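Fair warning: this is a prediction, and the values are worked out from it, not measured in the lab. All values below come from the heavy atoms of this structure, side chains included, with hydrogens, waters and symmetry mates left out. Proteins get letters first, then strands, A, B, ... in listed order; numbering begins at 1 in each.
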2 protein chains.
Amino acid sequence: MLLSEKQLSLIEQIGIYHESNGMQPAPARIMGLLMVADSAELTFDEITEALNISKSATSNAINLLLQTNLIEYTTFSGDRKRYFKLKISSWREGFTRKIDDLTGFAVLLRQVSEIRKRENSSSNEDLKDCIGFLDFLHKKLPFILEEWDNRKA
Amino acid sequence: MLLSEKQLSLIEQIGIYHESNGMQPAPARIMGLLMVADSAELTFDEITEALNISKSATSNAINLLLQTNLIEYTTFSGDRKRYFKLKISSWREGFTRKIDDLTGFAVLLRQVSEIRKRENSSSNEDLKDCIGFLDFLHKKLPFILEEWDNRKA
DNA sequence: CCGTTAGTTCATAATTTACAGAACCAAAAT
DNA sequence: ATTTTGGTTCTGTAAATTATGAACTAACGG
């Protein structure tokens with residue numbers, strides 16, 4: 001597989017994006033590669049070669065991405081190779097996960113709200129405010145997705 | 001300053017949350033401490049002692065948090081100490097930053113869309129879809145915040 | 001002007017992470 | 001039956017990240 005300068009650059013940028021969201025470098029690059037490659041489906045060896053990483057790095061990274069539901073693979077009878085591709089639904093899941101992450105934080109904030117001793121402090125209001133917004137957002141999310149689906153249709 | 005078991009536990013949990021969002025351990029704990037402490041405003045030394053970290057760790061962490069606008073401080077005349085507290089607006093900023101982050105990703109995806117050679121592939125549709133959603137979301141954000149403000153009032 | 005307070009900066013030590021390379025393994029091909 | 005393919009697993013290690021402690025500084029206080 002031959003990658004253009006632009007492709008390589010985008011792989012890095014996408015990689016850095018995912019790194020900044022907590023992903024390890026190798027899996028992050030694989031996400032980039034599967035995104036920009038001319039083919040939607042790549043084999044283990046194609047990934048290893050394209051990114052110039054070791055087989056062990058590829059193995060670990062791929063298994064991590066499979067576990068976190070970001071990629072999947074198909075096989076063809078009479079061909080032992082697995083063909084990896086991005087999971088179509090992953091961007092949608094990724095978005096909801098981002099919001100769910102906030103919701104998890106709201107759970108913590110609620111606990112803080114219960115135990116915190118700050119009589120007549122404005123920070124109590126701020127905290128309730130923040131929790132309220134996170135709740136609001138969580139309830140709103142399905143409607144936002146629905147609105148998007150309707151808009152498309 | 002004396003912290004209860006529950007407070008210490010919440011500091012850790014909040015710390016881990018912020019770490020998972022890319023923050024370093026020490027600043028992440030400080031965020032937790034300022035959240036759960038009985039007083040909303042803590043001095044440099046109180047932070048150092050409460051978290052059992054060195055002065056340099058405190059110094060670096062505090063400056064990082066100040067730079068990223070997550071905390072602020074007040075002073076009192078005749079008192080050289082700074083009193084650090086969470087920035088009230090920071091949760092709101094934090095949220096918009098999270099969305100802006102997605103928008104930045106959309107910029108990358110647009111570049112992918114331009115150069116990617118995948119004739120008659122369904123993944124092209126998926127990509128356009130994803131970009132479209134991110135745009136939709138970005139435009140929607142101000143209205144969501146507005147709706148929240150109105151709901152409160 | 002000497003000591004104390006409230007930090008900052010620097011060198012370095014301690015972890016942690018992430019990867020490479022080699023050994024390994026099971027299924028299929030020869 | 002043994003070789004090849006398509007990986008996985010297991011150290012070892014280089015690099016990056018974080019924290020420490022000591023030295024430093026600037027401002028104020030007596």
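Checked by atom type and distance alone, the side chain of Thr48(B) pairs as donor or acceptor with a backbone atom of Phe44(B) at under 3.5 Å.
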Distance-only criterion, 3.5 Å: show the donor-acceptor pairs between side-chain atoms of residues 75-86 of chain B and protein atoms not counting sequence neighbours.
from: Asp79(B); atom 1: OD1; to: Lys81(B); atom 2: N; distance (Å): 3.0
from: Asp79(B); atom 1: OD2; to: Tyr83(B); atom 2: OH; distance (Å): 2.7

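If you take CZ of Arg80(A) and P of dT30(C), they are 11 Å apart, rounded to a whole angstrom. With rounding to whole Å, Asp45(B) atom CG is found 7 Å from dA6(C) atom P. Rounded to whole angstrom, the span from the NZ atom of Lys81(A) across to the P atom of dT4(D) amounts to 16 Å. Taking atom CE of residue Met23(B) and atom P of nucleotide dT17(D), one finds them 16 Å apart after rounding to whole Å. Rounded to an integer number of Å, the gap from CG of Asn52(B) to C1' of dG21(D) is 15 Å. Atom CD1 of Ile47(B) is separated from atom C1' of dT8(C) by 15 Å (rounded to the nearest Å). As rounded to whole Å, 9 Å separates atom P of dT17(D) from atom CD of Glu19(A). Protein atom CG of Asp79(B) is 12 Å distant from nucleotide atom C1' of dC28(D), rounded to whole Å.
Of all the residues in residues 53-78 of chain A, Lys55(A), Ser56(A), Ser59(A), Asn63(A) reach under 4.0 Å from DNA chain D with at least one non-hydrogen atom.
Considering CZ of Arg97(B) and CG of Asn21(B), their distance stands at 10.5 Å, rounded to 0.5 Å. Glu146(B) contributes atom CD, which lies 10.5 Å from atom NZ of Lys140(B) (distance to the nearest 0.5 angstrom). Rounding to the nearest 0.5 Å gives a distance of 11.5 Å between CG of Leu8(B) and CZ of Arg29(B).
The side chain of Arg82(A) places an N or O atom within less than 4.0 Å of a non-bridging phosphate oxygen (OP1 or OP2) of dT8(D).
Counting only N and O atoms by type, the side chains of Asn60(A) and Gln24(A) include no donor and acceptor under 3.5 Å apart. Residues Asn124(B) and Glu119(B) have side chains that never bring a donor and an acceptor to within less than 3.5 angstrom of each other.
In secondary-structure terms, DNA chain D builds stems of at least 3 consecutive Watson-Crick or G-U pairs, each pair having both distances under 3.5 Å, at C:1-30 with D:1-30.
Of all nucleotides listed (dA28(C), dC19(C), dT18(D)), dT18(D) comes nearest to the side chain of Pro25(B).
Taking the six-membered ring for Trp and the full ring otherwise, the centers of His18(B) and Phe105(A) sit less than 6.0 Å from each other.
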Do Ser9(A) and Gln13(A) pass the side-chain hydrogen bond (donor to acceptor under 3.5 Å, both in side chains) test, and can you show the C-alpha distance, the side-chain angles, and the key distance before you say yes or no?
-> CA-CA 6 Å; Ser9(A) 159; Gln13(A) 291 183 73; 3.1 Å; yes
